[in-house]
Enquirer: 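Before we start, here is the structure in question, set down as structure tokens.
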Amino acid sequence: MTDRRYPARAVIRDVGPRDGLQPEEPVPVTDRIRLVEALRAAGVTHIEAVAFVSPKAVPAMAGAGEVLAGIGRRPGERITALVPNVRGAELALASAVDELTVTVSVSETYNRNNVRMTTAESEAEIARIVALAAAAAEAGGAGPVPVDAVISCAFGSPYEGDIAPAEVVALAGRLRSAGVTAVTYADTTGMATPRRIDDLLDAVEAAGGRPADVGLHLHDTRGLAVANAHAALLRGVARFDTAVGGLGGSPFARGAGGNLATEQLVALCDDLGVETGIDLDALIGVAHLIGELVGRDVPSMVAHHGPPRRLPPAR
Ligand code: ZN
């Protein structure tokens with residue numbers, strides 16, 4: 001395969017310990033640390049490990065500081081914490097994190113249900129978080145703590161329906177002006193299609209951006225997550241959020257299905273010759289581990305059927 005339309009390398013951020021476990025019954029801190037260690041051992045270097053949210057609202061994310069203390073930081077890695085507000089950012093920055101993710105939705109109703117703020121209020125909150133992250137970095141003497149803004153419902157909202165790609169990209173532009181270092185477009189409720197991926201990337205290019213600078217967070221609610229990832233790879237997108245085992249889904253979004261399974265994307269990238277640095281066999285082992293931790297089979301088909309290899313010749 002010498003098709004040069006695909007990127008040479010894709011960066012995959014596994015959000016399984018956060019997005020994957022968030023809607024589940026709480027998993028003990030020690031097992032959440034074990035999960036992160038298993039991802040590391042499979043070659044995953046970008047991991048969204050925790051969320052600093054109210055343990056009353058999301059019991060499965062309690063103990064974020066202990067999880068971070070348990071996993072520590074290693075060179076060449078990026079351990080990420082999701083923070084919904086300034087309070088969460090303060091707690092995260094007091095712990096060992098390499099990156100913050102913040103979320104805002106172009107869907108007003110989703111945003112209100114998710115964080116009880118209007119989209120404009122969330123934008124103002126994100127600007128305050130960016131300032132905190134910069135100040136924390138200065139105090140610590142390290143480089144600035146990057147802040148990735150994840151735009152949820154970027155491909156449509158279960159409440160408002162279609163959202164114009166230009167409107168989504170305009171929000172991304174305002175967030176970049178507010179100082180976020182990256183923008184990730186999330187298909188929170190699995191409404192994206194390859195056509196909608198193309199439409200959004202067209203809007204990114206029309207606004208002067210490049211698909212190579214875009215991150216995508218895909219959900220498999222309607223079985224199109226891999227097709228969407230492939231459509232994005234063809235356009236040069238090289239940054240993806242996925243969850244080992246294909247678990248996940250927002251507890252606040254009606255109809256949210258699991259994330260694109262990390263092993264499904266790695267299997268696709270392996271076949272296309274797109275480097276990920278992740279060992280597929282080891283990763284499938286992690287998918288079975290997360291299944292054990294939540295007490296049920298994971299939805300990922302690659303975890304069920306194994307890597308796409310030929311059977312040994314019949315005798
Ligand atoms: Zn997700």
Side-chain angles (χ1 to χ4, degrees), residues 10-24 27 32 35-36 39 44 46-53 57-58 60-61 64 78-84 88 99-107 110-111 113-115 122 148-159 163 168 182-193 196-197 200 214-229 232 237 239-266 286-287 290 294 298-300 303:
V11 173
I12 297 178
R13 177 169 61 191
D14 194 291
V15 298
R18 198 281 299 171
D19 201 333
L21 294 184
Q22 171 179 278
E24 304 289 337
V27 168
R32 286 156 66 193
L35 175 63
V36 170
L39 286 169
V44 182
H46 291 55
I47 301 170
E48 191 174 77
V50 294
F52 282 88
V53 292
V58 190
M61 289 293 102
R78 191 171 273 195
I79 300 292
T80 302
L82 173 77
V83 298
E99 178 188 53
L100 301 181
T101 44
V102 294
T103 59
V104 57
S105 182
V106 270
S107 160
Y110 179 85
N111 207 69
N113 289 359
N114 197 30
V115 290
S122 276
D148 181 357
V150 181
I151 299 183
S152 51
C153 301
F155 300 90
S157 157
Y159 307 104
I163 294 172
V168 181
V183 172
T184 297
Y185 296 100
D187 183 24
T188 314
T189 60
M191 294 174 79
T193 63
R196 285 173 191 241
I197 297 280
L200 183 77
V214 161
L216 284 184
H217 179 122
L218 299 170
H219 278 250
D220 205 28
T221 317
R222 292 173 177 79
L224 285 177
V226 167
N228 293 333
V237 173
R239 194 158 59 77
F240 295 91
D241 281 358
T242 59
V244 64
L247 293 177
S250 168
F252 306 107
R254 210 163 13 119
N259 288 275
L260 170 58
T262 309
E263 57 275 18
Q264 301 216 191
L265 182 59
V266 170
V286 187
I290 199 171
V294 301
V298 292
S300 155

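Ligands are counted one by one from 1 in listed order, and the atoms in each one are counted from 1 as well. Below, each value reflects all heavy atoms present in this structure, side chains not excepted, and no hydrogens, waters or symmetry copies.
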Enquirer: Within 2.8 Å of the Zn ion (ligand 1), is there any N, O or S atom belonging to Thr188?
Expert: no
Enquirer: Can you tell me the angle formed at the Zn ion (ligand 1) by NE2 of His217 and OD1 of Asn259, to 10°?
Expert: 90°
Enquirer: Whether the side chain of Asn111 engages the backbone of Ser105 through a donor-acceptor N/O pair (distance < 3.5 Å, no angle test) should be reported.
Expert: yes
Enquirer: With respect to the Zn ion (ligand 1), what is the nearest N, O or S atom of Asp19?
Expert: OD2
Enquirer: Could you tell me whether Arg196 and Asp187 have a side-chain N and a carboxylate O separated by less than 4.0 Å?
Expert: no
Enquirer: Evaluate side-chain hydrogen bond (donor to acceptor under 3.5 Å, both in side chains) for Asn259 paired with His217, printing each intermediate quantity in order.
Expert: CA-CA 8 Å; Asn259 288 275; His217 179 122; 3.0 Å; yes
Enquirer: Determine the minimum heavy-atom distance between Cys153 and Val106, stating which atoms define it.
Expert: O-CG2, 3.5 Å
Enquirer: Quick check: of its N, O or S atoms, which one does His219 have closest to the Zn ion (ligand 1)?
Expert: NE2
